[in-house]
Amino acid sequence: MKPVCLVTGAGGRLGQALCADLARDHYVIAAYRRTVPKVASQLQWPVRTDGAEEARHSSIHCVQADLACREDIRRLVEVAAARNGRIDSIVNAAADVRFHGPLVELWESGNEVVTQLAVNAVAPVQLVSAVFQACWKDQSEENAQWNRNLVNISSVSGFYVTKDVGQAYYAASKAALNTLTMYLSLELAPYSVRANAVCPSQFTNESATQHVVNAVRRLITGNETGALVSNVP
C-alpha cells in the first residue's frame with residue numbers, strides 16, 4: 001500500500017513537479033486554488049457511461065481549496081482522509097511570492113501584506129494542525145510505521161536581509177515559517193511525526209525545480225526532523 005501525501009500549491013510550477021514525482025510511489029492529494037494542475041488526475045479523465053472507473057485508480061486526486069479559508073482547510077482534510085483513509089505526509093508548497101516594496105510605505109498599502117503573512121506562515125500551520133487533529137493525534141505507532149511527516153517550502157529569503165529589493169514582507173513570512181517549522185518539529189516529535197523545511201533561493205527553470213523536488217523527496221523518505229535545508233538552488 002502506497003503512502004498518502006497532501007501537496008498544496010499544486011497548480012504552480014513546483015507543485016505540479018512535486019505531484020508528478022511523488023505520484024510514482026504515493027497517492028497524492030493535490031490542492032490548488034485557481035490554476036488546475038497539469039497532471040494526470042481524476043480531472044483529466046473523460047466522463048464515461050460504461051461503468052468504467054479510471055478516476056478511482058488515479059494516483060493524483062485534485063481538490064480546489066483556498067487555504068486562507070478555514071472551512072476550505074477543513075474540507076480539504078476531510079476529502080483527503082475520506083478518499084485514502086489516512087494522510088502520511090504534507091508538503092506545503094502554496095505561497096504568495098509577491099514583493100510589496102519598502103516598509104516605510106506600509107501605511108499607504110492595502111491588506112496584501114497581511115494576506116501574505118497569513119498564506120505563507122499561518123495557513124501551513126493551520127493545515128498541519130487540522131491533519132494532526134484528524135489523523136495523527138492518537139496514532140503514534142502508525143505515525144512511526146508510516147514515517148509521517150511534513151515539509152514546508154520556505155526560502156533563503158527567510159535567513160537574510162537583502163537591500164533594495166522590496167521583499168521585506170515576503171522574507172518575514174518565510175522567516176516566520178522557518179521558526180514555526182522548528183516549533184512543529186518539537187511539538188510533533190512525541191507523536192512520531194517529523195517536520196522539516198526546504199529553503200531554496202529560486203527555481204525558475206526545470207533543472208532548479210527538480211533540485212527542490214529531490215530535496216523534498218529526501219526529507220519525506222528520510223528520518224530528519226527540525227531541518228531547514230538550504231543547499232538547493
Side-chain angles (χ1 to χ4, degrees), residues 2-41 59-60 62 67 87-99 116 119-121 123-125 127-128 131 147-160 162 165 167 170-182 184-185 193-233:
K2 296 192 293 186
V4 180
C5 184
L6 171 55
V7 178
T8 71
R13 174 200 295 271
L14 177 60
Q16 292 183 86
L18 285 165
C19 290
D21 182 86
L22 292 170
R24 293 183 293 144
D25 49 12
H26 289 71
Y27 292 115
V28 176
I29 302 297
Y32 67 98
R33 184 185 178 196
R34 285 193 295 260
T35 304
V36 177
K38 296 178 181 178
V39 293
S41 72
S59 290
I60 302 177
C62 292
L67 299 181
I87 300 170
D88 300 312
S89 299
I90 305 170
V91 180
N92 280 308
D96 181 342
V97 298
R98 294 173 295 175
F99 290 1
Q116 184 170 57
V119 170
N120 290 359
V125 181
L127 177 59
V128 171
V131 172
N147 192 21
R148 288 175 175 157
N149 67 95
L150 66 102
V151 179
N152 290 324
I153 305 300
S154 186
S155 169
V156 293
S157 297
F159 295 132
Y160 308 108
T162 306
V165 295
Q167 67 169 0
Y170 173 75
S173 71
K174 292 303 187 178
L177 183 60
N178 290 344
T179 300
L180 292 168
T181 301
M182 300 296 287
L184 282 171
S185 72
V193 176
R194 300 180 297 108
N196 297 289
V198 175
C199 307
S201 56
Q202 57 183 338
F203 38 91
T204 55
N205 57 56
E206 184 176 343
S207 175
T209 300
Q210 189 59 48
H211 282 297
V212 180
V213 171
N214 293 343
V216 171
R217 175 174 280 279
R218 285 194 297 270
L219 289 173
I220 288 177
T221 59
N223 56 21
E224 286 183 276
T225 192
L228 304 177
V229 179
S230 59
N231 58 336
V232 290

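Note that the structure is a prediction, hence the values are computed from the model and not measured. Computed from heavy atoms alone, side chains included, the values below leave out hydrogens, waters and symmetry copies.
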Completion exercise
NZ of Lys2 to CZ of Arg24, rounded to nearest 0.5 Å, is 11.0 Å

Problem - Ser89 side chain vs Leu150 backbone, donor-acceptor pair below 3.5 Å - result: no

Handout entry: Residue from Asn152, Asn196, Thr225, Asn92 passing side chain to side chain donor-acceptor pair (under 3.5 Å) with Thr181
Key = Asn152

Exercise for the section: Could you grab the distance from atom CG of Leu228 to atom OG1 of Thr179, nearest 0.5 Å is fine? Expected result: 8.0 Å

Exercise for the section: Give the C-alpha distance, both sets of side-chain angles, the deciding distance and a yes or no for side-chain contact (heavy atoms from CB on, under 4.5 Å) between Val212 and Leu14. Expected result: CA-CA 8 Å; Val212 180; Leu14 177 60; 3.8 Å; yes

Fill in the blank from the handout: The reported gap from CG in Leu67 to CG in Leu127 (rounded to nearest 0.5 angstrom) is 6.5 Å

Exercise for the section: Kindly give the heavy-atom pair with the smallest separation between Cys62 and Tyr32, and that separation in Å. Expected result: CB-CE2, 3.9 Å

Exercise for the section: For Leu177 and Asn120, run side-chain contact (heavy atoms from CB on, under 4.5 Å): C-alpha distance rounded to whole Å, both residues' side-chain angles, the deciding distance at 0.1 Å, then the answer. Expected result: CA-CA 7 Å; Leu177 183 60; Asn120 290 359; 5.9 Å; no

Practice task
Can you see which heavy atom on Ser230 is nearest to which on Val156, and at what distance?
Solution key: CB-CG1, 4.2 Å

Problem - Minimal non-hydrogen separation, Ser154 against Asn178, with atom names - result: OG-OD1, 2.6 Å

Practice task
Please answer whether the main-chain N or O of Gly222 pairs with a side-chain N or O of Arg194 as donor and acceptor at a distance below 3.5 Å.
Solution key: yes

Handout entry: Heavy-atom side-chain contact between Cys5 and Val91 under 4.5 Å
Key = yes

Exercise for the section: I would like to know whether Arg218 and Val198 meet side-chain contact (heavy atoms from CB on, under 4.5 Å); could you show each step before the answer? Expected result: CA-CA 10 Å; Arg218 285 194 297 270; Val198 175; over 6 Å; no

Handout entry: Nearest atoms (heavy-atom pairs only) where Ala208 meets Asn205
Key = N-OD1, 2.8 Å

Completion exercise
Value for CG (Asn149) from CG (Asn223), rounded to nearest 0.5 Å, stands at 10.5 Å

Exercise for the section: For the pair Asp88 (side chain) and Val4 (backbone), establish whether a donor and an acceptor sit closer than 3.5 Å, ignoring hydrogens and angles. Expected result: yes

Completion exercise
Taking every heavy atom of Phe99 against every heavy atom of Gln167, the minimum-distance pair comes out as CZ-OE1, 3.2 Å

Practice task
Could you tell me whether the side chain of Lys174 and the main chain of Phe159 form a donor-acceptor pair under 3.5 Å?
Solution key: no

Exercise for the section: Please answer whether the main-chain N or O of Ile220 pairs with a side-chain N or O of Asn147 as donor and acceptor at a distance below 3.5 Å. Expected result: yes

Exercise for the section: Kindly compute the distance separating CG (Leu18) from OG1 (Thr8), expressed to the nearest 0.5 Å. Expected result: 9.5 Å

Exercise for the section: State, with a plain yes or no, whether a side-chain heavy atom of Thr209 is found less than 4.5 Å away from one of Glu206. Expected result: no

Completion exercise
Closest non-hydrogen atoms of Cys19 and Ile60, given as atom of the first, atom of the second and distance, are O-CD1, 3.7 Å

Problem - Note: Asp96-Arg33 ion pair, threshold 4.0 Å (strictly below) - result: no

Problem - Donor-acceptor pair, side chain of Gln116 and main chain of Arg98, under 3.5 angstrom - result: yes

Problem - Donor-acceptor contact present, side-chain Gln16 to main-chain Gly11, <3.5 Å - result: yes

Exercise for the section: Evaluate the side-chain contact (heavy atoms from CB on, under 4.5 Å) criterion for residues Val216 and Ile153: first the C-alpha distance (whole Å), next the side-chain angles of each, then the deciding distance (0.1 Å), finally the verdict. Expected result: CA-CA 8 Å; Val216 171; Ile153 305 300; 3.6 Å; yes

Handout entry: Exceeds 12 heavy-atom contacts within 6.0 angstrom, atom NZ of Lys38
Key = no

Handout entry: Leu184 and Val128, any side-chain heavy atoms less than 4.5 Å apart
Key = yes

